[in-house]
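To start, the structure under review is shown below, and the notes come after it.
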Amino acid sequence: MKQVFALLTICAPLLLKAQGFQVNLQGQKQQGMAGTGTAMVQDGASLFFNPGAVSFLKQNSISVGVTPVISHANYSDASSSTVSETNSPVSFPFTTYMVFGKKDSKLKYGLAAYTPFGSTIDWQDGWTGRFALTHLQLATVYIQPTVSYKINDQLGVGAGFVYGIGNVNLQRDMPLVDEDGKYGHATLDGNAHGFGFNAGIYYQPTSNFSIGLNYRSDVKMKLEDGDATFEVPTSMASAFPSGKFSTSLPLPKTVSLGFAYNANKKLTLAFDATMVGWKSFDTLAFDYAQNTPYLADTKSPREYKNTFSYRLGAQYVISEKLAARGGIKYLMTPVQDGYVTPEVPDASHFNYSFGLGYKMNTRLSIDASFTIQQMKRTDTNIETQMSGTYRTNIYMPGISLNYNF
Amino acid sequence: MKNISSKIAAVAFLSILIFACKPHVDVPAPSKGSLDLTRFVTIGNSMGAGYADNALYYKAQEVSFPMLIAQQLRKVGGSNFVQPYVSPGSVGIGVNQNARYSLQPSADCSGAISLAPVAIANEGDFNVFTTSIASQGPFNNMSVPGAKATTTLYPGYGNPANGPGNFNPFFTRMASDPTSASILSEAASQNPSFFCLSIGNDDVYSYALSGGAMDVITPSAGSPGFGFDASIDVIAGTLLSNGAKGVIANIPDISALPYFNTIPYNGLVLDAANAAALSAAYAPLGITFQAGPNGFIIEDGNAPGGMRQIQAGEMVLLSTPQDSLKCGGWGSMKPIPNQYVLTAAEITLANNAIVSYNAKLKAVADANGLAFADVNSFMNTVKTGIIYNGVGINASFVAGGAFSLDGVHLTPLGNALLANTFLKAINSKYGASIPMIDATQYKGVAFPNP
């Protein structure tokens, strides 16, 4: 009965309103607290949240985690009232954090690999927006070697070098039909890479209050020698030659300011404010190696704007072994009216998280979190003239294992 | 055991997450407003008959715009919509007794191979004309290829005894009694509760499509069966006599159709030597040519020598044999015959008629409180180009996606967009919320896989 109630709660139309294709799924402890962590020293996830805090970690550790992202989206076409659904793909953003250094050393080293951005969406066959998009899979991984230095008991600084790798697969139907009614189909697939850095300052003026500032630079992902494949009626094959293409995707910079307060021995409260520099994503351009009168290079306006998110999280230590966490986050969408696409049917929204941490022994601990996100966005896209309402429900159950040594 | 059941519980929990918690959908409930849609009847011509690719054939009939409207009406309780179908396997038949066209790679006179409209058989399917399907009627879609506002009134419009050219075989096949029935009487006998009237195109198009060489434009004035206005009054009066509601369409400008604007008037592209040679040959007529694009030479009985150079704004029709232009010396060594050209004077006559017809059609709609589908405005929008759910659509021949291979009639995609024009007019006039058609489900010109 209780489970049923829990499900009803989850499925209820909360009428909430993500944030571009940023994946806000990093450490499980932090995620259980709605993604706060810039001003906290919890575990190796500080490599992501604030490299300055890493030098405050008392133990060496290695942790691995994964958060399946289960998303359901639909689109109601305003004029025809037809409803199209996604095939509910599940993606698996993962995290790996490794922190090591001599005990009592002011210098700590770390290596992190995580998924900062990504999106997987797969619309049902024949859907009304198929000439805009049928399938998008964008996966990126940042690999980040990091150094953190504890200047004194109150102040730490750290920085990491970011090497980003990514893969994108974008597909759409083409309005070129043969006599059997089979439409053309375009597939763009390629690998991208780029560089950046992640730096932070951690300041702990008293034992129960701390401040963190983190700057993660933008990473301009360059995709060269991608494969563009056009399946079209054979009489039009020379007009749409399959071949190479290139593009670039600017993954934005992020600036976070965080505060953490230990209200008492059991309760910790955290607040983070984050600015994401999405303004860099103004155009999605594809440059085809071989152009024809029919196949020109394309430039699609995206016109993203810089956005903010606000996160409030709490952790309550129930016992030496068990901690409970919860949090709420508000994320503003970078996607302006007129630019909502079926790639990222984004809207400003709240999301809700809760989590549990369990220490099995002094070395091994396990953390889990669950995050719910619901979005609704009604828009008329300027480029495609698609007018309708996107609704998205996303469920993100995550788990991680942490080993201290 | 406990372990297994907790695993099952975990799997069940995840399955529910994956399958159950889909986002809610809220689409507005469709409504027919103040309409009675139990008997929906359409009167029209080839545009409404599902005539495309220069023939009446099954696949095109399936997506005639009245049929597409009827499919949407059915979502709000509309009746079944019966059409006079040609058999599904038929090659169809056109006004020139030709089979339907399809796009095929074909060699021109110079041996160059390109995609061009080609009839899929040597001749059309005459069984269409010789086999009566009246027993399948009555037909809700009383759109008959070639019907005019005037001929819609003719009793015996399908009577072969009238002799060739004096009856319409497209009507013969569907008329309950070809010797006495008119299109209007067949429609009226169904006592329509809601009608779509889309007539009048052929009152001017049959003149314009033939370069002004055949047929005459129906005058606005004149008695029913002779003049346009009085004929429309009779048709509308008959349809309205039992209190039916309806939608009336107007007539698109000829300039919106690829048939009239695909071949450029100055398509005679010459090098300097050829320009000089032609200038010398035409010196007696005072016609000169330059290197580059030049206006074609056309037949004109009023010009000295019976020919002249075409002027900007005049039209070379899509019916002009391409090989004659490319290799036969048409438009350069010899004039393009009259039936393939609309001169400025002919265009003015056609345009004036359309303006006058459209004023009449609008007045009838307004006077009777009927919905008015501004098809002329729709076609001009297509001419400019529209974007529909990521698909660019315009009036370019073949590539534009809206017009079929005859350059006059629409593709399934074009018909879907046209039907939406009617549905919008109906919704706004009658307080209905009939859903629009998702036009992405309908195709443009099909390309071959040779």
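Given the structure is predicted, the values throughout are model-derived calculations rather than measurements. A, B, ... follow the sequence lines: proteins, then strands. Residue 1 opens every chain.
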_For the interface with chain B, which of A:N74, A:T392, A:T86 has the highest count of heavy-atom pairs at distances below 4.5 Å?_
A:N74
*Rounded distance (nearest 0.5 Å) linking atom CD of A:E179 with atom CD of B:Q104*: 6.5 Å
*How long is the span from the OG1 atom in A:T128 to the CD atom in B:Q441, to the nearest 0.5 Å?*
6.5 Å
*Check whether any side-chain heavy atom of A:R130 lies under 4.5 Å from a side-chain heavy atom of B:T440, and answer yes or no.*
yes
*By side chain to side chain donor-acceptor pair (under 3.5 Å), which residues pair with B:T411, not counting sequence neighbours?*
none
*Let me know if A:V83 has heavy atoms under 4.5 Å from chain B in its side chain, its backbone, both or neither.*
side chain
*asked:* Counting heavy-atom pairs closer than 4.5 Å to chain B, which one of A:M386, A:R172, A:M174 comes out on top?
replied: A:M386
*Under a 4.5 Å cut-off applied to non-hydrogen side-chain atoms, are A:D77 and B:M436 in contact?*
no
_Structural part of B:P105 lying under 4.5 Å from a heavy atom of chain A_ = neither
*asked:* Is A:A78 close to chain B through its backbone or its side chain, or both, or neither, when contacts mean heavy atoms under 4.5 Å?
replied: neither
*Give, for atom CD of A:Q385 and atom CD1 of B:I386, the distance between the pair rounded to the nearest 0.5 Å.*
9.5 Å
*Can you tell which part of B:I437 gets under 4.5 Å to a heavy atom of chain A, answering side chain, backbone, both or neither?*
backbone
*Most chain B-contacting option - heavy-atom pairs closer than 4.5 Å, from A:M236, A:K182, A:E383*: A:M236
*Between atom OG of A:S235 and atom CG of B:N449, what is the distance when rounded to the nearest 0.5 Å?*
6.5 Å
*asked:* If I take atom OG1 from residue A:T82 and atom CG from residue B:N389, how far apart are they, to the nearest 0.5 angstrom?
replied: 8.0 Å
*asked:* Could you report the tightest heavy-atom contact between A:P233 and B:P448, atom names first, then the distance?
replied: CB-O, 3.8 Å
*In Å and rounded to the nearest 0.5 Å, what is the NZ to OG distance from B:K75 to A:S80?*
7.5 Å
*Per-residue contact mode, A:Y294 against chain B (heavy atom under 4.5 angstrom)*: neither
*Greatest number of heavy atom pairs closer than 4.5 Å to chain A - which of B:P23, B:G401, B:A439*: B:P23
